[in-house]
Undergrad: 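Pasting a structure here, questions to come.
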Number of protein chains: 2
Amino acid sequence: MNEAVVLTPERILEATEDVLRRFGLTKATVVDVARALDVSHGSVYRHFPSKASLRDAVAKRWLDRANEPLCKLAAGDGPAPERLEQWLRTAFTIKQKKVCDDPEMFATYLALAQGAREVVEAYKDKQVDLIAKILSDGVAQGVFEIDNVKATARAVFDATVRYHHPAHAEEWAKPECPSRIDALIALLLRGVRVCKH
Amino acid sequence: MNEAVVLTPERILEATEDVLRRFGLTKATVVDVARALDVSHGSVYRHFPSKASLRDAVAKRWLDRANEPLCKLAAGDGPAPERLEQWLRTAFTIKQKKVCDDPEMFATYLALAQGAREVVEAYKDKQVDLIAKILSDGVAQGVFEIDNVKATARAVFDATVRYHHPAHAEEWAKPECPSRIDALIALLLRGVRVCKH
DNA sequence: TGTCTGACAGATATTGAAATCTGTCAGCGA
DNA sequence: TCGCTGACAGATTTCAATATCTGTCAGACA
């Protein structure tokens, strides 16, 4: 093999995603991943101590990729209410798009995430931090009135669970969904805004 | 058999709940139910056209029983904000208690409900109606300011999904749960209240 | 006449033997 | 020396034969 491309965790993750896409979570084996990379499966264990850790790493990659646009939005500096609304709508849209575009792959990643509890927990905490960022910006701008920013960010996250938690994914395609999202966002915005007279 | 107790749907439902409690959903069969009632399984089909319809009926009974206290609360006539808070807390407590008291039975009913989509849909609509009742009471009392009561009731229901939808049941026992519920309820109440100065 | 029974056909679930997979490691080759 | 291989043991999954269940119905029984 002259093209002696070194076997890196990155390449293994790439190959694992491929294998998952082709075979699905239940059928994908470490042997398959090794075969895709043209190495023995023992080599894979040189970089990941177990199949579970490999799966966790794939889950993390996936979640991080999905989170990117939301980080950008939170880091922005427009008026907070618009930004919060935009952030929530983007969060919903990202998930919804994933489900619609490739339901099978989404199911795969969902099952994957179920096993990667710690990774998911960290991801959720990050989401809450992003919301908190926007909320505190709003307080600084004098448009939000919030006792406890951190707790309220968590409450906003909890309140929107229905539209970003995959357990509710099958409801996202329903026709009444958009108007329900509108009502929910309006309610939450009213809950954080300063009283205007 | 001198004690010729007639075979009624009610008795069959009773026996079915017993069988479910003893064997669990996966093991419970129509034959088991018939045996518990000391009749042939053919007789059961005289009252329920299929095993699925029998399961649906059990699910409906269960949901209706769970809903009773909430109906009473919604029908009350105290100040709406307190009543809304009480209603939400009761809704959470009922579910939480079921999970803690008998997780196995809860899992059984959960699986049961997954198959009884129509029944569950009707149950949810009823919940939203109860919330709407309290909200419109609040508007009448001049303490709530709401554009669209029905849509807002739906939004309140959606926002609290995390604490009444069984998909999130495993999170209900966490120690940070109560304070997160407090924050969520506070946020929602602020979202419907009239501005006070 | 109307309810219940019990045998039946097709569908579904169980089981255990065989195949495959995971994770380890001694040793090969560069 | 260091990364990789490939054979291995124990765990897990598959598969097909077997058993059980669902839903029907002709006829018993009251």
Side-chain angles (χ1 to χ4, degrees), chain A residues 1-59 104 107-108 111-112 114-117 119, chain B residues 1-59 104 107-108 110-112 114-119:
Chain A
M1 303 285 165
N2 52 353
E3 34 99 24
V5 189
V6 274
L7 190 59
T8 61
E10 191 59 27
R11 280 191 63 219
I12 294 176
L13 288 177
E14 211 84 54
T16 306
E17 286 199 11
D18 260 18
V19 168
L20 283 172
R21 184 160 285 112
R22 269 190 290 149
F23 300 150
L25 184 61
T26 56
K27 290 288 182 186
T29 72
V30 176
V31 174
D32 291 329
V33 174
R35 191 165 23 233
L37 289 161
D38 203 27
V39 298
S40 85
H41 79 280
S43 300
V44 174
Y45 283 95
R46 200 150 283 284
H47 298 275
F48 293 92
S50 66
K51 189 184 187 184
S53 75
L54 181 54
R55 279 197 318 225
D56 284 3
V58 172
E104 207 170 321
T108 296
L112 206 60
Q114 300 228 313
R117 306 191 132 276
V119 171
Chain B
M1 305 283 165
N2 53 352
E3 33 98 28
V5 190
V6 274
L7 189 61
T8 60
E10 191 59 28
R11 280 190 64 219
I12 294 175
L13 288 177
E14 212 85 53
T16 305
E17 285 200 11
D18 261 18
V19 168
L20 283 173
R21 184 160 283 114
R22 269 190 289 150
F23 301 151
L25 184 60
T26 55
K27 288 290 182 185
T29 71
V30 176
V31 174
D32 290 330
V33 174
R35 191 162 27 233
L37 289 161
D38 202 29
V39 297
S40 84
H41 79 280
S43 300
V44 174
Y45 283 96
R46 200 149 283 283
H47 298 275
F48 293 92
S50 68
K51 189 184 187 184
S53 76
L54 180 55
R55 280 197 317 226
D56 285 3
V58 172
E104 206 171 324
T108 296
L110 169 51
L112 206 62
Q114 299 226 315
R117 307 192 133 275
E118 285 197 23
V119 172

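Hydrogens, waters and symmetry mates are skipped; everything else that's a heavy atom, side chains included, is used. Reminder, nothing fancy here: chain letters follow the sequence lines and each chain counts from 1.
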Undergrad: Are B:L37 and B:V33 packed together at the side-chain level, in the sense that at least one heavy-atom pair is separated by less than 4.5 angstrom?
TA: yes
Undergrad: Tell me every residue that passes side chain to side chain donor-acceptor pair (under 3.5 Å) with B:Q114, counting only those two or more places apart in sequence or in another chain.
TA: none
Undergrad: What's the shortest heavy-atom distance between B:A15 and B:A36, and which atoms?
TA: CB-CB, 4.5 Å
Undergrad: Is B:S43 near enough to C:dT5 that one of its side-chain N or O atoms lies under 4.0 angstrom from OP1 or OP2?
TA: yes
Undergrad: NE2 of B:H47 versus P of C:dT5: gap in Å, rounded?
TA: 10 Å
Undergrad: Please state how far atom CZ in A:F23 lies from atom P in D:dT13, giving the value in whole angstrom units.
TA: 18 Å
Undergrad: Please list, for nucleotides 27-30 of chain D, all pairs of protein and nucleotide N/O atoms separated by less than 3.5 Å.
TA:
none

Undergrad: Please round to the nearest 0.5 Å and tell me the distance separating atom CG of B:L54 and atom OH of B:Y45.
TA: 8.5 Å
Undergrad: Which distance, rounded to the nearest 0.5 Å, do you find between the CG of B:D18 and the CG of B:L13?
TA: 11.5 Å
Undergrad: Output all residues satisfying salt bridge (charged side-chain N to carboxylate O under 4.0 Å, His left out) with A:R117, sequence neighbours left out; order by chain, then residue number.
TA: B:E170
Undergrad: Which pairs with one or both residues in residues 46-58 of chain B pass side chain to side chain donor-acceptor pair (under 3.5 Å), sequence neighbours excluded?
TA: none
Undergrad: Sort and list the pairs that fulfil salt bridge (charged side-chain N to carboxylate O under 4.0 Å, His left out) and have at least one residue in residues 23-35 of chain A, not counting sequence neighbours.
TA: A:D32-A:R35
Undergrad: Can you build the contact string for nucleotides 17-24 of chain D? Use B for base contact, S for sugar-phosphate-only contact, and - for no protein heavy atom under 4.0 Å.
TA: ----SBBB
Undergrad: For the pair made of CG in B:L7 and C1' in C:dG2, what is the distance, rounded to whole Å?
TA: 14 Å
Undergrad: Rounded to the nearest Å, what distance is computed from the CG atom of residue A:L25 to the C1' atom of nucleotide D:dT12?
TA: 15 Å
